[in-house]
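The structure under discussion appears below in the form of structure tokens.
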Amino acid sequence: MSTRIAFLKGHGTENDFVIVPDPDNAIELSPAAVAALCDRRAGIGGDGVLHVVRSAAHPEARAMAGEAEWFMDYRNSDGSVAEMCGNGVRVFARYLQRAGHVTEGDHAIATRGGVKSVHIAKDGDVTVGMGSARLPEGDVTVCVGERSWPARNVNMGNPHAVAFVSDLGHAGDLYSAPPVSPEGAYPDGVNVEFVVDRGPRHVAMRVHERGSGETRSCGTGACAVAVAAARRDGVDPAVTGTPATYTVDLPGGRLVITERPDGQIEMTGPAVIVAEGEIDAEWLANALR
């Protein structure tokens with residue numbers, strides 16, 4: 001390993017990431033290394049790591065190389081692997097643009113949740129095709145302290161439990177994962193969203209992301225919330241034949257979510273690169289001892 005490793009720092013509605021460009025997949029990012037990089041006091045700090053690898057160079061993405069040149073090898077801040085991160089895809093696309101790999105327009109990015117389409121607009125916003133939502137059957141309940149709420153089970157390539165509440169403060173501090181029942185409903189953990197109404201097709205949310213705790217924003221969570229809100233409101237684009245658009249306010253900013261009659265969901269929002277530099281390999285090695 002070289003003595004220094006290039007990195008960038010970026011965010012999408014304040015969901016922030018350490019970006020590690022590694023086209024040839026030559027850098028081993030162990031869970032401990034990811035956790036060290038994401039440490040907000042002793043490391044660079046972030047909700048996760050965007051490991052930028054050419055699809056053909058990564059064993060989990062080679063099958064997608066014909067559709068997408070680049071693979072977003074995403075890791076949560078605790079080092080665990082995640083299927084997908086909507087804000088991360090937007091920031092990933094912004095990095096590719098900054099590095100000269102892509103320009104404005106339409107592109108494809110490989111993720112563990114499949115190949116995602118992105119559109120980089122002239123105004124700076126990035127739109128991501130998030131795929132379609134699955135709505136697994138079964139009742140789910142979310143608890144915080146003595147309060148509990150029925151939750152909508154929504155899968156966006158990763159699992160979500162969406163609870164509509166009267167006050168976002170009822171979500172508590174979200175330092176630890178809110179209990180979800182029945183036990184075993186989410187064997188690999190779940191992202192939990194708490195949602196309040198702000199107006200017609202306009203909601204606000206807080207989220208506990210599995211592996212990261214409360215984050216300032218969650219793209220897949222915003223999509224799950226929009227779908228859950230639409231169904232609660234009796235809106236299903238597959239039935240009406242008309243797209244449904246919801247504005248979702250998060251602590252870190254605003255995302256606009258559109259569900260189309262074919263079930264495909266698009267998420268639009270900002271993506272910003274704020275810094276770049278070098279990770280000292282000696283520091284990283286010492287951090288892992």
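Legend: residues meeting side-chain contact (heavy atoms from CB on, under 4.5 Å) with D236, ordered by chain and number and at least two apart, are R231, A238, V239. E67 meets the side-chain contact (heavy atoms from CB on, under 4.5 Å) test with V115; sequence neighbours excluded. The salt bridge (charged side-chain N to carboxylate O under 4.0 Å, His left out) check on D22 picks up nothing, with sequence neighbours excluded. In terms of the side-chain contact (heavy atoms from CB on, under 4.5 Å) criterion, residue partners of H208 (sequence neighbours excluded) are, by chain and number, L174, A177, P178. Here R232 pairs with D197 under the salt bridge (charged side-chain N to carboxylate O under 4.0 Å, His left out) rule; sequence neighbours left out. Take D78 and apply the side-chain hydrogen bond (donor to acceptor under 3.5 Å, both in side chains) test, not counting sequence neighbours, and it matches S80. Not counting sequence neighbours, the partners of F71 by the ring-ring contact (aromatic ring centres under 6.0 Å, His included) test are H58. Annotation: side-chain contact (heavy atoms from CB on, under 4.5 Å) contacts of P23 (sequence neighbours excluded): R54, W70.
Judged by distance alone, with hydrogens and angles left aside, the side-chain atoms of R152 form no donor-acceptor pair with the main-chain N or O of V162 at under 3.5 Å. A distance-only check finds a donor-acceptor pair linking the side chain of D280 to the backbone of W283 [under 3.5 Å]. Using modelled atom types, one side-chain atom of R75 and one backbone atom of L29 make a donor-acceptor pair closer than 3.5 Å.
Checked options V89, V18, I19; the residue passing with L50 is I19 (criterion: side-chain contact (heavy atoms from CB on, under 4.5 Å)). Between L96 and the choices I120, V52, V118, the side-chain contact (heavy atoms from CB on, under 4.5 Å) rule is met once, by V52.
The list of side-chain hydrogen bond (donor to acceptor under 3.5 Å, both in side chains) pairs with a residue in residues 265-279, not counting sequence neighbours, reads R98-E276, T127-T268, R260-E266. The stretch residues 134-162 participates, sequence neighbours left out, in these ring-ring contact (aromatic ring centres under 6.0 Å, His included) pairs: W149-F194. Applying the salt bridge (charged side-chain N to carboxylate O under 4.0 Å, His left out) test to every pair with at least one member in residues 123-140, sequence neighbours left out, gives no pairs at all. Among residues at least two apart or in separate chains, there is no ring-ring contact (aromatic ring centres under 6.0 Å, His included) pair with a member in residues 116-136.
One finds no salt bridge joining D167 and R147 here, because no Lys/Arg side-chain nitrogen approaches an Asp/Glu carboxylate oxygen to under 4.0 Å.
Contact detail for G46 and R40: the closest heavy-atom pair is C-NH2, 3.5 Å.
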**Request:** Could you give me the CA-CA distance, side-chain angles and deciding distance for S217 and N87, then say whether side chain to side chain donor-acceptor pair (under 3.5 Å) is met?
**Result:** CA-CA 8 Å; S217 182; N87 288 317; 2.9 Å; yes
